[in-house]
*Asks:* 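Provided herewith is a single structure, encoded as structure tokens, for subsequent inquiry.
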There are 2 protein chains.
Amino acid sequence: MKQMTKAEEQVMQILWDLKESNVRSIVDKFDTPKPAYTTVATVLKVLEKKGFVTKVPQGKTHLFLPQISKEEYSGHQMGSLLKDYFNGSFSKMASFFAKENNLSVTELEEMIEMTKKEINKKK
Amino acid sequence: MKQMTKAEEQVMQILWDLKESNVRSIVDKFDTPKPAYTTVATVLKVLEKKGFVTKVPQGKTHLFLPQISKEEYSGHQMGSLLKDYFNGSFSKMASFFAKENNLSVTELEEMIEMTKKEINKKK
DNA sequence: TTTATTCTACTAGATTTGTAGTAGATGATG
DNA sequence: CATCATCTACTACAAATCTAGTAGAATAAA
């Protein structure tokens, strides 16, 4: 799958947040210094060419819609990270994370409880 | 921290693997079609400018050394992924992973056992 | 020591990324 | 209607990325 660049990802994050949007509202969501309207429009055009968004006419303007969900994209991102840095092993990644954050087994267990709840919630 | 591009990351993965290397051996590690010797040399120069590798003279050639460990870099990568896509919550990421891979709670528990072992091993 | 090999430094060109300006269309306001 | 605001499409241009060629130095082989 094509990658998003940093600039594209920023715009995309805002669009995911808004669910759908025209150019103007995306610009408004940026912290100052806000990029130029045309800058955001250009980035959206690239995202469109890459297949990450579509637009539909809406009155005098266009409404942009994500063509890929944040979940799907993050899944891919996580997949590459896993593959390239943890031999595809999630437990390697988890233990790395635990070590990195100085988590004890107890803390890990607590986190795991939360995770189980999340899983059940989502089922 | 500066990001590596895809090409840079590929070279870096090989260098991490070899611990240290001259240009030639890195080229050799590539699957065919292997990139040109000069291509790899150019990428290494960029990595050097970005501070990810250093080189020391070695006979008629140079030996390149990683200046950042794979662990450190993957920690950063994981950090951005976590921040940008999982609200900084590792358990969100874990449950996402579990769901994505259709893991049951039992399977998750098995994985967790492995993780605990890893943690103890590393202490 | 001539010749072939191999390496580095430098250069280069095509493509992508990042950022934005301008022109012209369309719609809103007085 | 005349003017103002806003939007899209098109263009632009610098910087980064990706890939590799060439020249000349250093070394090895014959």
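What you are looking at is a predicted structure, and each value in this text was computed from that prediction instead of being measured. Residue numbers begin at 1 in each chain, while the letters A, B, ... track the order of the sequences.
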*Asks:* For DNA chain D, which residues of residues 59-70 of chain A approach it to below 4.0 angstrom with any heavy atom?
*Replies:* A:K60, A:T61, A:H62
*Asks:* If we ignore angles and hydrogens, is there a donor and acceptor under 3.5 Å between the side chains of A:K70 and A:Q13?
*Replies:*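 Present: a donor and an acceptor within the cut-off.
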*Asks:* What nucleotide, of C:dA20, C:dA9, D:dA20, holds the atom closest to the side chain of B:K55?
*Replies:* C:dA9
*Asks:* What are the two closest heavy atoms between A:L15 and A:L65, and how far apart are they?
*Replies:*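 The pair with the smallest heavy-atom distance is CD2-C, 4.1 Å.
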*Asks:* Rounded at 0.5 Å granularity, tell me how far OH in B:Y73 sits from CG in A:D84.
*Replies:* 10.5 Å
*Asks:* Measure the distance from CD on A:Q10 to P on C:dT17 and round it to the nearest whole Å.
*Replies:*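 Going from CD in A:Q10 over to P in C:dT17 covers 15 Å.
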*Asks:* For a quick test of reading the model: is some side-chain N or O of B:K45 closer than 4.0 Å to OP1 or OP2 of C:dC7?
*Replies:*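 For B:K45, the contact criterion (side-chain N or O under 4.0 Å from OP1 or OP2 of C:dC7) is not met.
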*Asks:* Between C:dA20, C:dC10, D:dT22, which nucleotide gets closest to the side-chain atoms of A:T42?
*Replies:* C:dA20
*Asks:* B:R24 CZ to D:dT27 P: how many Å, rounded?
*Replies:*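 Rounding to the nearest Å, CZ of B:R24 and P of D:dT27 are 17 Å apart.
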*Asks:* Taking only residues two or more places apart in sequence, or in another chain, which ones meet B:K60 in a salt bridge (charged side-chain N to carboxylate O under 4.0 Å, His left out)?
*Replies:*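 For B:K60 there are no salt bridge (charged side-chain N to carboxylate O under 4.0 Å, His left out) partners, ignoring immediate neighbours.
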*Asks:* Which whole-number value in Å describes the distance from B:I26 CD1 to D:dA20 C1'?
*Replies:* 17 Å
*Asks:* Can you check whether B:T39 has a side-chain N or O nearer than 4.0 Å to OP1 or OP2 of D:dA20?
*Replies:*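 The answer is yes; a side-chain N or O of B:T39 sits under 4.0 Å from OP1 or OP2.
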*Asks:* Output the rounded distance in Å from NZ (A:K34) to C1' (C:dA20).
*Replies:*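 The distance from NZ of A:K34 to C1' of C:dA20 comes to 17 Å, rounded to the nearest Å.
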*Asks:* Please determine which of B:E20, B:M12, B:K55 meets the side chain to side chain contact (heavy atoms under 4.5 Å, CB included) test together with B:F64.
*Replies:*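 In the set B:E20, B:M12, B:K55, the residue that makes a side chain to side chain contact (heavy atoms under 4.5 Å, CB included) with B:F64 is B:K55.
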*Asks:* Taking atom P of C:dC10 as reference, at what distance in whole Å does atom CG of B:L44 sit?
*Replies:* 16 Å
*Asks:* Got a second to check how far B:E71's CD is from A:K99's NZ, nearest 0.5 Å?
*Replies:*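 Going from CD on B:E71 over to NZ on A:K99, the span is 7.0 Å.
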*Asks:* Would you tell me if any nitrogen or oxygen in the side chain of B:Y37 comes within less than 4.0 Å of OP1 or OP2 on C:dT8?
*Replies:*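 Yes, because at least one side-chain N or O of B:Y37 sits under 4.0 Å from OP1 or OP2 of C:dT8.
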*Asks:* Rounding to a whole Å, what distance do you find between B:Q58:CD and D:dA26:P?
*Replies:* 17 Å
*Asks:* Determine the minimum heavy-atom distance between A:M4 and A:K50, stating which atoms define it.
*Replies:* CA-NZ, 4.4 Å
*Asks:* For B:V46 and B:P35, take the nucleotide of DNA chain D holding the closest heavy atom to each; which residue's nucleotide lies nearer the 5' end?
*Replies:*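 Mapping each residue to its closest nucleotide by heavy atoms, the 5'-most match is B:V46.
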*Asks:* Compare the minimum distances between each of D:dT19, D:dT22, D:dT17 and the side chain of B:K50, then state the nucleotide with the smallest one.
*Replies:* D:dT17
*Asks:* Could you identify which residues of residues 1-9 of chain A place a heavy atom less than 4.0 Å from some atom of DNA chain D, listed by residue number, or say none?
*Replies:* none
*Asks:* Distance only, no hydrogens: is a donor on one side chain within 3.5 Å (strictly under) of an acceptor on the other, for A:D28 and A:S25?
*Replies:* no
*Asks:* Which of these passes side chain to side chain contact (heavy atoms under 4.5 Å, CB included) with A:Q3: A:E9, A:H76, A:Q77?
*Replies:*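 Answer to the side chain to side chain contact (heavy atoms under 4.5 Å, CB included) test with A:Q3 among A:E9, A:H76, A:Q77: A:Q77.
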*Asks:* B:N22 has an atom CG; how far is it from atom C1' of C:dT8, in whole Å?
*Replies:*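 After rounding, the reported distance stands at 13 Å.
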*Asks:* Please determine whether the number of non-hydrogen atoms from other residues, nucleotides or ligands lying under 6.0 Å from atom NZ of A:K2 exceeds 12.
*Replies:*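 12 or below, so no.
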*Asks:* Mind calculating the distance between NZ (B:K49) and C1' (D:dC18) to the nearest angstrom?
*Replies:* 14 Å
